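Since the structure is predicted, the reported quantities are computational estimates derived from the model, not experimental observations. Throughout, a chain's letter reflects where its sequence line sits, starting with A, and its residues are numbered from 1.
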Number of protein chains: 2
Amino acid sequence: MLSLDFLNNDYEDTKSPAQKAEEYIAIDILTGNLRRGQRIVEQDLCEKFGMSRTPVREILGRLAASGLIELIPNRGAFVVGITERDVDDIFYMKSLLYPQCVKWAIERITKDEYEMLEETFAFMEFYTATEDLEKMQKINRGFEAIIYNASHNTEMESALLKYDFIIRYANLDIKYPLNYLTTVLEEHRAIFEAFRARNPEAGAEAAQIHAFKSMMRRK
Amino acid sequence: MLSLDFLNNDYEDTKSPAQKAEEYIAIDILTGNLRRGQRIVEQDLCEKFGMSRTPVREILGRLAASGLIELIPNRGAFVVGITERDVDDIFYMKSLLYPQCVKWAIERITKDEYEMLEETFAFMEFYTATEDLEKMQKINRGFEAIIYNASHNTEMESALLKYDFIIRYANLDIKYPLNYLTTVLEEHRAIFEAFRARNPEAGAEAAQIHAFKSMMRRK
DNA sequence: CAAATAAAGATTGTATACAATTTTACCATT
DNA sequence: AATGGTAAAATTGTATACAATCTTTATTTG
């Protein structure tokens, strides 16, 4: 768990074909390539991914458990997908959870975790300077993932990771303000400074501001 | 979704054998019949539930997606289970989410939903009077489920339902105070009165108190 | 011509078979 | 007796086959 893997571009090679297929389908749903209500026929997926129905059915079972599709007995898999409303719901949930997460994380973070956070923030400053949007977004996710983990509350961590996955892929129209990179960096700096100062309340406030502004950057 | 099904004792007959088996295994894990780290052999489950490996594997896939077991390639399923610490985490999460849930629910509840809540609360008073603990706990879950739904935030609802499922089955030692039934009824009454008065802030406060006291009732 | 019905086709649910991998047991060697 | 290696057994991963169910199409009937 505790590694800088997210800096590596091709970490996905460690995943099995079945896992890749699952993530591929999930992303297809979230990005809107598969529309809400659309039926997914097992045979089609078999041909698409070159596997038999057995693993395909297992994938569909897992996707159903995660809520992205609905499995109706004897009638097949139907895309539940994500509505605009669902994304709203998730942003609300994130702005509710994230401040408390930061608060706990500042109270409970270990030395190793703090050093990793420090290192990651240094990378953030670097990639902001080089204006590499893609790398910056990746490292932003890494920065937050370290904080989620440092909250030392498994449910908090898994809930926020789930929301980030959806936010990442859901068809979002983001208003990138003129200095988007530096804007986000400064929001994160406020959070990081709270960690440095070991000030949970300041962290919660900075997290609240960041979550709110993230929500506002949606069209 | 909007029904008083939870009053019916044998609603589980509507579930497929595979769904029952899944729930049975999940409960086995949460109640501690299956210990953390223990390996689950597919063939054993086949014999136990009288089905072949194909549906059993699909069940294991779903349980893995929900986090109760871990699926290691070519090595099988291992019980992850729930630690005391995990239950603590979940109580913290519930006391964070539930007040906001009640607040939203009071702001957004429909007429139909409110009538159902009112009806359910009447049943709660009745079962408290008859001192039927089991029926009371069932209807308590129903009462909260209506509120979760009335928050009209899908993620809020599914998160709290998940926590309730775990809290229900995780090996908990609950300190039942002398007047447990009436105590809980009064906590719920405070929440219901906030609904009646359409007062979100009062609802959030009452929910906070209820969640806190629920947490304290653990040994 | 519309509606109802029946049959054919398509799709899902489950069982079984086989391949790939891991675990266990046994034996030889030091 | 402890260690290492090899073969057998057990277990998982996948493919295929068949049964159950649903959907579609064609046909019949009013």
Side-chain angles (χ1 to χ4, degrees), chain A residues 10-30 33-81, chain B residues 1 10-29 33-81:
Chain A
D10 38 30
Y11 71 98
E12 290 181 355
D13 290 352
T14 60
K15 294 180 182 174
S16 73
Q19 281 176 312
K20 278 192 193 175
E22 181 176 344
E23 197 166 307
Y24 192 90
I25 297 169
I27 293 171
D28 253 11
I29 293 173
L30 289 172
N33 285 346
L34 295 174
R35 260 176 294 180
R36 196 181 180 81
Q38 186 175 335
R39 184 178 184 182
I40 299 176
V41 176
E42 293 173 3
Q43 191 58 43
D44 296 347
L45 294 179
C46 296
E47 287 159 17
K48 189 167 184 178
F49 297 107
M51 47 178 74
S52 79
R53 281 181 54 221
T54 310
V56 163
R57 283 179 60 81
E58 293 186 0
I59 289 169
L60 292 178
R62 282 195 291 272
L63 286 174
S66 76
L68 280 178
I69 65 173
E70 189 181 8
L71 241 40
I72 300 177
N74 293 312
R75 298 194 50 192
F78 294 84
V79 176
V80 172
Chain B
M1 263 295 169
D10 39 31
Y11 72 99
E12 290 180 355
D13 290 353
T14 61
K15 293 179 182 174
S16 73
Q19 281 176 311
K20 279 191 194 177
E22 180 175 345
E23 197 166 305
Y24 191 90
I25 297 168
I27 293 171
D28 254 12
I29 294 172
N33 285 345
L34 294 174
R35 261 177 293 180
R36 196 181 180 82
Q38 185 174 335
R39 185 179 182 182
I40 299 176
V41 176
E42 294 174 0
Q43 191 58 43
D44 296 348
L45 295 179
C46 296
E47 285 159 18
K48 189 167 184 177
F49 296 107
M51 48 178 73
S52 78
R53 280 179 55 221
T54 310
V56 163
R57 284 178 59 82
E58 293 186 0
I59 290 170
L60 292 178
R62 282 194 290 273
L63 286 174
S66 77
L68 280 178
I69 64 173
E70 189 182 6
L71 242 39
I72 301 177
N74 291 314
R75 299 194 47 195
F78 295 84
V79 176
V80 172

Rounded distance in Å - CD (A:Glu58) to P (D:dT12)
12 Å

Tell me if a side-chain donor or acceptor on B:Arg39 pairs with a main-chain N or O of B:Phe78 at a distance below 3.5 Å.
no

Of A:Arg75 and A:Thr54, the one whose closest DNA chain D nucleotide lies more 5':
A:Thr54

Rounding to a whole Å, what distance do you find between A:Ile72:CD1 and D:dA20:C1'?
18 Å

Could you please name the option among C:dT21, D:dT11, C:dG13 that lies closest to any side-chain atom of B:Asn74?
C:dT21

What's the CD-P distance between A:Gln43 and C:dG9, to the nearest Å?
17 Å

note: A:Arg57, atom CZ; D:dG13, atom P; distance rounded to Å ~ 17 Å

DNA chain D nearest-nucleotide lookup for A:Pro73 and A:Arg53: closer to the 5′ end is A:Arg53

Classify the nucleic acid contact of A:Leu60 as base, sugar-phosphate or nothing, counting any heavy atom under 4.0 Å across all strands shown.
nothing

How many whole angstroms separate atom CD1 of A:Ile69 from atom P of C:dT12?
11 Å

From the options D:dT14, D:dT11, C:dT11, select the nucleotide whose nearest atom is closest to the side chain of B:Arg39.
D:dT11

Heavy atoms only: give me the nearest A:Asp28-A:Lys48 pair and the separation to one decimal.
OD2-NZ, 3.4 Å

In whole angstrom, what separates A:Leu71's CG from C:dT11's P?
16 Å

Could you tell me which non-hydrogen atom of A:Leu60 sits nearest to which non-hydrogen atom of A:Leu71, and how far apart they are?
O-CD2, 4.2 Å

Heavy-atom closest pair (A:Val56 atom, A:Met51 atom, distance to 0.1 Å) is CG2-CG, 3.9 Å

When you measure from the side chain of A:Ser52, which nucleotide among D:dT11, D:dT23, D:dA15 comes out closest?
D:dA15

A:Val79 and A:Ile69 have their tightest heavy-atom pair at CA-CG2, 4.3 Å

Expressed in angstrom and rounded to an integer, what is the separation of B:Glu42 atom CD from C:dA15 atom P?
14 Å

What integer distance in Å separates B:Met51:CE from D:dA19:C1'?
17 Å

